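Heads up, the thing below is written out as structure tokens.
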Protein chains: 2
Amino acid sequence: MKYALASLFFLALTGCQQHEMSKSNIKPVVPKKEVVFEGLNRPWSIAFLNETEVLVTEKNGDLVRVDLHSGTKKTIAGFPSDLTDSIGAIHFGDNSGIFEILLHPEYEKNQKIYFSYTAKKRGVGKTTKFVQATLSKDSIYDLTTILVAEPYSNINYHYGGGMAIGADSKLYLTVGERLFWEHDEPEIPIAQNVADPRGKIHRFNLDGSIPNDNPDLGADAVPSIFALGIRNTQGIALQPETGKLWFTEHGTIQGDEINILQAGSNYGWPNRTTGRLRSKDYSPPPIEDVVFTPPSWFWQHTVAPTGLCFYTGDEFPQWKNNLIVPGLSLGSLWRFRIQGDTIKSAEELFLDERVRSRKVAQSPQGKLYLLTDEENGKIIRIKPEQQQTIH
Amino acid sequence: MKYALASLFFLALTGCQQHEMSKSNIKPVVPKKEVVFEGLNRPWSIAFLNETEVLVTEKNGDLVRVDLHSGTKKTIAGFPSDLTDSIGAIHFGDNSGIFEILLHPEYEKNQKIYFSYTAKKRGVGKTTKFVQATLSKDSIYDLTTILVAEPYSNINYHYGGGMAIGADSKLYLTVGERLFWEHDEPEIPIAQNVADPRGKIHRFNLDGSIPNDNPDLGADAVPSIFALGIRNTQGIALQPETGKLWFTEHGTIQGDEINILQAGSNYGWPNRTTGRLRSKDYSPPPIEDVVFTPPSWFWQHTVAPTGLCFYTGDEFPQWKNNLIVPGLSLGSLWRFRIQGDTIKSAEELFLDERVRSRKVAQSPQGKLYLLTDEENGKIIRIKPEQQQTIH
């Protein structure tokens with residue numbers, strides 16, 4: 001009997017270990033797409049109130065609440081009245097509209113949210129505006145302005161609009177340079193001019209005040225500026241392992257990049273680009289005594305990278321802490337394996353299932369979602385192919 | 001006691017299953033490189049005599065036998081005397097030299113091997129030659145010619161030279177078009193001319209005779225031709241799941257591709273390319289009544305893809321049946337997940353550990369190896385990072 005018990009015990013231990021050590025049940029990673037909601041008017045971003053209820057910004061529509069479980073959508077009332085009114089009648093390429101939606105880190109207690117959009121000033125033009133508000137019963141109130149990236153202009157492009165909370169509990173905002181043709185640059189290019197809020201990444205306290213430890217960029221500098229030389233950035237996300245913020249940037253002709261955010265860094269636009277300028281008749285004036293920060297990654301072709309995220313879920317354990325980046329132009333989705341600050345590998349997924357994509361985001365329980373930039377815009381869940389039963 | 005036994009048994013079963021179902025011990029795939037041999041003069045290909053003894057072709061050197069266990073190298077005697085004698089004194093970009101090495105499927109019984117190289121004809125020029133031989137005691141004898149891709153010329157480029165055994169036990173050979181400038185094309189471009197063996201993929205019986213079921217390309221056609229419209233292909237490999245052959249192709253300015261081989265297919269060069277021509281003063285003459293086969297994949301930038309292989313080993317279970325492709329120009333290594341004929345995802349590996357690479361190959365027991373195209377050429381083993389001990 002003792003022998004039998006001992007054998008059984010031994011079998012239990014070694015049998016388990018043998019199965020754990022076996023790789024025969026580890027298969028190639030096969031991600032699949034599942035449409036969980038559609039009918040959104042060019043969704044730009046998403047914030048999870050809980051596992052099944054989300055806020056979504058429709059670039060050409062409204063701020064809405066979607067219940068993924070019941071499949072219902074409700075417009076949030078009270079959106080600012082200075083939202084540009086041109087977006088219903090414009091061509092597909094116009095960048096104007098509603099952009100980012102972000103929850104305050106203590107949303108559960110204070111119901112505060114942040115969002116960004118194209119604000120208009122009658123007779124003057126449009127620009128990017130960042131606002132904080134309180135959400136209650138499908139309505140927002142107590143709106144306060146964080147930043148208006150003046151001057152207003154009539155150029156319908158390169159608003160930026162990205163927002164993220166850093167590991168330091170500060171609010172980071174991205175503003176594009178608000179130009180289409182480089183030959184329209186002023187003498188000091190917009191993104192290089194620290195007196196201009198455009199073409200920059202800004203850093204604020206959560207209440208909209210200026211942090212006392214922002215980089216010192218000189219007496220003329222807009223005090224919220226944290227980094228410069230940005231052409232147009234929409235996606236910015238926190239890397240959980242290092243606490244650094246990573247952001248995507250749109251180049252002109254190629255020149256699409258991924259960068260790591262550092263205080264006071266100059267990301268080079270328009271003086272440095274891995275792509276080419278649209279205006280053949282323009283050369284940026286040389287700048288003395290400046291260090292440009294090169295990108296961590298750039299694409300050889302145009303992907304138009306947007307709202308990236310770091311994946312920390314459990315459904316794809318092989319993707320733990322990888323960076324996921326969607327793109328507009330080629331409808332691509334990219335996965336980067338990163339070690340510290342170094343990108344070790346780059347995988348393009350869903351090569352035969354392309355869809356113009358604006359954002360990837362993770363639910364509180366780690367499900368991975370994608371927003372498509374379409375007039376019948378979709379929330380798509382990315383999940384593993386059904387695993388075979390393991391015996 | 002019965003209860004104790006039952007409990008123990010139940011614990012054994014469920015404990016095992018819980019551990020098997022847990023994904024917490026599945027980690028991101030982290031491939032690492034380990035140099036196992038060096039000092040090879042621009043190694044082009046490799047064939048495994050067994051798990052630790054290999055034949056290697058050095059493009060600028062010899063056919064050698066390497067013992068990976070003892071770290072020794074021995075030159076194989078008897079190499080054909082018509083090997084071009086210019087390779088010791090030429091510039092790095094010259095394509096001439098020794099190319100492919102391949103074992104006969106029944107090598108264990110007959111010691112037959114195949115290889116390809118640049119053959120010279122004094123006073124005339126050079127071209128690609130494919131030979132069968134018998135290997136015995138580090139010497140080759142009983143050499144027979146499979147194919148000489150005449151005419152000989154003095155252009156030092158685009159020999160092709162790739163060889164593979166198909167699922168049909170036929171011998172497939174790749175011959176480049178043997179031109180550098182497109183404006184040197186004759187009236188019917190070489191790769192489009194079925195009367196010319198260059199710019200083609202050929203199919204032979206293992207004994208060098210012509211199969212009776214090669215595609216009928218007309219009375220003027222060279223009978224060994226299997227496919228046409230090839231600029232320069234070096235890598236060709238068998239996909240285990242479907243039995244199809246896949247091959248890489250070098251474009252001129254970009255235009256690098258991966259293709260699936262089909263009987264009689266026209267891969268389009270120079271009439272179709274995803275890249276651009278070198279000669280701005282050349283346009284290929286239009287061809288009537290032809291169907292061009294587009295690539296399964298092309299790169300937007302130049303990678304110069306070479307000796308690919310399908311991975312079927314066990315060290316990287318997530319890579320099972322994936323296609324691995326090395327490249328010269330950017331020193332890159334690519335992994336493609338393929339389902340049937342469709343490429344589902346494309347991953348570039350070792351982004352920060354680039355080395356000009358000519359070949360990937362798998363040992364009999366499934367270890368993955370890489371050959372680097374350097375004057376101090378290396379055999380590099382690609383293996384997983386040390387796994388944590390699982391308890």
Side-chain angles (χ1 to χ4, degrees), chain A residues 1 4-5 8-31 254 296-297 299-303 314-322 330 332-339 342-353 384 387 389-391, chain B residues 1 4-5 8-13 15-31 254 296-297 299-303 311 314-322 330 332-339 342-353 384 387 389-391:
Chain A
M1 177 53 79
L5 269 177
L8 194 60
F9 190 67
F10 183 74
L11 177 68
L13 284 179
T14 55
C16 283
Q17 285 194 337
Q18 275 169 8
H19 281 181
E20 286 175 305
M21 297 303 285
S22 162
K23 288 179 178 162
S24 61
N25 54 349
I26 298 178
K27 303 261 184 292
V29 180
V30 182
Q254 289 88 63
S296 291
W297 168 270
W299 281 268
Q300 304 270 357
H301 51 293
T302 294
V303 302
D314 293 328
E315 291 184 314
F316 295 101
Q318 301 91 340
W319 292 7
K320 186 75 80 175
N321 295 318
N322 289 179
L330 293 180
S332 49
L333 189 68
W334 290 77
R335 177 186 72 85
F336 296 91
R337 183 168 69 81
I338 294 172
Q339 195 174 296
T342 305
I343 298 181
K344 304 292 280 182
S345 67
E347 181 175 26
E348 189 177 3
L349 302 167
F350 296 113
L351 295 174
D352 64 328
E353 294 178 63
Q387 298 293 331
T389 311
I390 302 167
H391 289 297
Chain B
M1 178 51 82
L5 268 177
L8 194 61
F9 190 66
F10 181 75
L11 178 68
L13 283 180
C16 282
Q17 284 194 340
Q18 276 168 7
H19 281 181
E20 283 175 305
M21 296 305 286
S22 163
K23 288 179 180 164
S24 62
N25 53 349
I26 297 178
K27 302 259 184 293
V29 181
V30 182
Q254 289 86 62
S296 291
W297 168 270
W299 281 267
Q300 304 270 356
H301 51 294
T302 294
V303 303
Y311 178 76
D314 293 328
E315 291 184 316
F316 296 101
Q318 301 90 339
W319 291 7
K320 186 76 82 177
N321 296 319
N322 289 180
L330 292 182
S332 48
L333 190 68
W334 290 77
R335 176 185 73 86
F336 296 90
R337 182 169 70 81
I338 295 172
Q339 197 174 295
T342 305
I343 297 180
K344 305 292 280 181
S345 68
E347 182 175 25
E348 189 177 4
L349 302 166
F350 295 114
L351 295 176
D352 64 327
E353 294 177 64
Q387 299 291 331
T389 312
I390 301 169
H391 289 297

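Owing to the predicted nature of the structure, the values given are computational and were not obtained by experimental measurement. So that the names make sense, note that chain A is the first sequence line, chain B the second, and so on, each numbered from 1.
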For Glu347(B), salt bridge (charged side-chain N to carboxylate O under 4.0 Å, His left out) partners two or more places apart: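 Salt bridge (charged side-chain N to carboxylate O under 4.0 Å, His left out) check on Glu347(B) returns Arg335(A), Arg335(B).
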
Set of salt bridge (charged side-chain N to carboxylate O under 4.0 Å, His left out) partners for Lys320(A), sequence neighbours left out: Asp314(A)

Separation of [Y] [atom2] from [X] [atom1] (nearest 0.5 Å):
X: Ser345(B); Y: Leu333(A); atom1: OG; atom2: CG; answer: 10.5 Å
X: Ile26(B); Y: Ile26(A); atom1: CD1; atom2: CD1; answer: 5.0 Å
X: Gln300(A); Y: Leu330(B); atom1: CD; atom2: CG; answer: 6.5 Å

Check against side chain to side chain contact (heavy atoms under 4.5 Å, CB included), Gln318(A) and Gln318(B): CA-CA 9 Å; Gln318(A) 301 91 340; Gln318(B) 301 90 339; 4.0 Å; yes

Heavy-atom proximity to chain A below 4.5 Å, by part of Glu353(B): side chain

Heavy-atom pair of closest approach, residues Pro317(A) and Pro28(B): O-CD, 3.7 Å

Distance-minimising heavy-atom pair for Ala346(A) and Leu351(B): N-CD1, 3.8 Å

Residue among Trp334(B), Trp297(B), Phe336(B) with most heavy-atom pairs under 4.5 Å to chain A: Trp297(B)

Side chain Arg337(B), main chain Leu349(A), donor-acceptor under 3.5 Å: no

